[in-house]
Amino acid sequence: MDIAIIGAGAIGLATAWKAAEGGAAVTLIDPAPGSGATHVAAGMLTPVSELTYGEEPLLRLGLASRERYPSFVAELEELTGLGTGRRTDGILLVAFDSDDLRYVDDLRRFQESLGIPSEALTGREARRLEPMLAPGVRGGLLAPEDGSIDPRRLTAALLAATERTGVRLVRRRAAGIVVERDAAAGVRLDDGTEVRADRVLLAAGPWSGDLDGLPPGTVPSVRPVKGQVIRLRTRAPFLGRTVRGLVKGSHVYLVPRADGEIVVGATQEELGFDTRVTAGGLWELLRDARELLPGITELDFAEVTAGLRPGSPDNAPMMGATGLPGLLLGTGHFRNGILLTPVSADILSALLLDRPVPDIAAAFTPDRFTADRFTAEVSQ
Ligand code: GLY
């Protein structure tokens, strides 16, 4: 089986590795692997702390992926000898004022109703865990099973895994889908050459609809949602675990790495394909981060970046067949791409290889957005 994958972000890379390991001849197409949202991402592994009401199926997918992470990184490390910076020290959600605390309490009750362990903390208890927190922090919630990973190290390890398993990497832009006898038959590159394939997986994030040859409506809309991120460096211990904060209703997170990097994110802006880093975006992040952790102003500045999260119409991933036979979709992971990488690679490689697909995938097929299915469901 010849498989072409468009897009070498975390999802495309991991799926290419797993499909090649399963016996397929895989070509991965991307002019700059791992340079999109994956390069900017902070790498929180948190189905719980980023939970949104009404997203239970997504929560279950996130929990399944978090459970898959230990074996996934073990396989990756064994194959490549490369580490991923994965941490399992929990995530602390803290509230700045009493309104923020009400939100955190509601979230804890919602989590409890779903049987997910979390621990309510007073401000003092939160500061005992993280002594750099501001004295005024009102309280918090510890998600002990959450953690983080370094997406840049993950990308490097995944790239090495694709090399080891014989994936052919084509560093060119995909310009279109080759369609023959009403089915996808390969990918046309920007230099006019073609990569022939039995199956094509489109994992190009917000650029997934931007290909010639796609019949109208084949790919539901994937919108770019900008996130600006600051990277700081500390020479002395500063944070023991990831801290997410709610500051007067505004969200900020700080993800520490063992090497002293601290990633501060992230804005959420719907501005099309704009990746400018703005003074306003950085000010918001630093303002909120300083309210929670006044000492951050002493840290060294390292980097600012902006990336584009791929958002589907309901902000959940789209994984599965499209209306064009032979063309599959693997995108729309929005704020959860790194968390969902292991489970997505399992689902997408199984789909590509015609192997049994985990049941959990059923809620995420792209056809949930097609008019026919909607009409059938409402008329029942
Ligand atoms: N998951 C973090 C973010 O999207 O900003």
Side-chain angles (χ1 to χ4, degrees), residues 9-11 14 34-53 55 58-59 61-63 65-66 69 84-87 90-94 107 141 143 145-155 205-206 222-232 239 241-247 249-257 261-271 273-275 277-278 280-282 284-289 292 303-312 314-317 331-344:
I11 304 292
S35 66
T38 304
H39 184 70
V40 178
M44 281 179 293
L45 303 181
T46 171
V48 173
S49 311
E50 284 218 296
L51 192 65
T52 307
Y53 300 98
E55 289 184 346
L58 185 55
L59 171 70
L61 191 70
L63 289 168
S65 203
R66 195 187 61 188
Y69 245 110
T84 57
R86 179 169 162 267
R87 296 173 63 138
I91 291 188
L92 178 65
L93 176 63
V94 291
L107 190 61
L141 185 63
E145 292 170 7
D146 284 357
S148 65
I149 198 164
D150 183 340
R152 295 180 182 178
R153 293 182 68 189
L154 176 67
T155 303
V222 189
R223 68 189 202 288
V225 184
K226 177 174 166 182
Q228 301 187 47
V229 168
I230 303 173
R231 282 173 159 82
L232 305 172
L239 281 181
R241 61 183 55 69
T242 294
V243 171
R244 287 195 64 105
L246 199 59
V247 183
S250 160
H251 292 263
V252 66
Y253 51 78
L254 297 99
V255 182
R257 310 243 191 263
E261 182 177 80
I262 295 185
V263 184
V264 186
T267 66
Q268 185 166 318
E269 303 156 79
E270 308 251 359
L271 296 169
F273 287 88
D274 171 5
T275 51
V277 172
T278 63
L282 301 186
E284 261 176 48
L285 291 174
L286 289 173
R287 177 199 63 195
D288 294 344
L292 295 177
E303 187 190 308
V304 289
T305 42
L308 300 173
R309 310 172 181 95
S312 73
D314 63 3
N315 292 336
T331 187
H333 291 70
F334 192 43
R335 296 185 68 106
N336 296 299
I338 301 298
L339 168 69
L340 296 177
T341 293
V343 80
S344 301

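Whatever order the structure lists ligands and atoms in, that order sets their numbers, starting from 1.
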remark   = Here the gap from Ile11 atom CD1 to Thr341 atom OG1, rounded to the nearest 0.5 Å, amounts to 4.0 Å

inquiry  = Suppose I only count heavy atoms of Ala266 and a 4.0 Å limit; which atoms of ligand 1 are within that range?
reply    = 5 (O)

inquiry  = Below the 3.5 angstrom mark, is there an N/O of Tyr253, backbone or side chain, next to an N/O of ligand 1?
reply    = yes

task = Mind checking whether Gln268 contacts ligand 1 via backbone (N, CA, C, O), side chain (CB onward), both or neither, at a 4.0 Å heavy-atom cut-off?
result = neither

query = Only one of Arg309, Glu55, Arg223 clears side chain to side chain donor-acceptor pair (under 3.5 Å) with Asn315; which?
reply = Arg223

inquiry  = Any donor-acceptor pair under 3.5 Å linking the side-chain atoms of Ser344 with those of His333?
reply    = yes

inquiry  = Quick check against the 3.5 Å criterion: does Thr38 have a side-chain atom that pairs as donor or acceptor with the backbone of Ala10?
reply    = yes

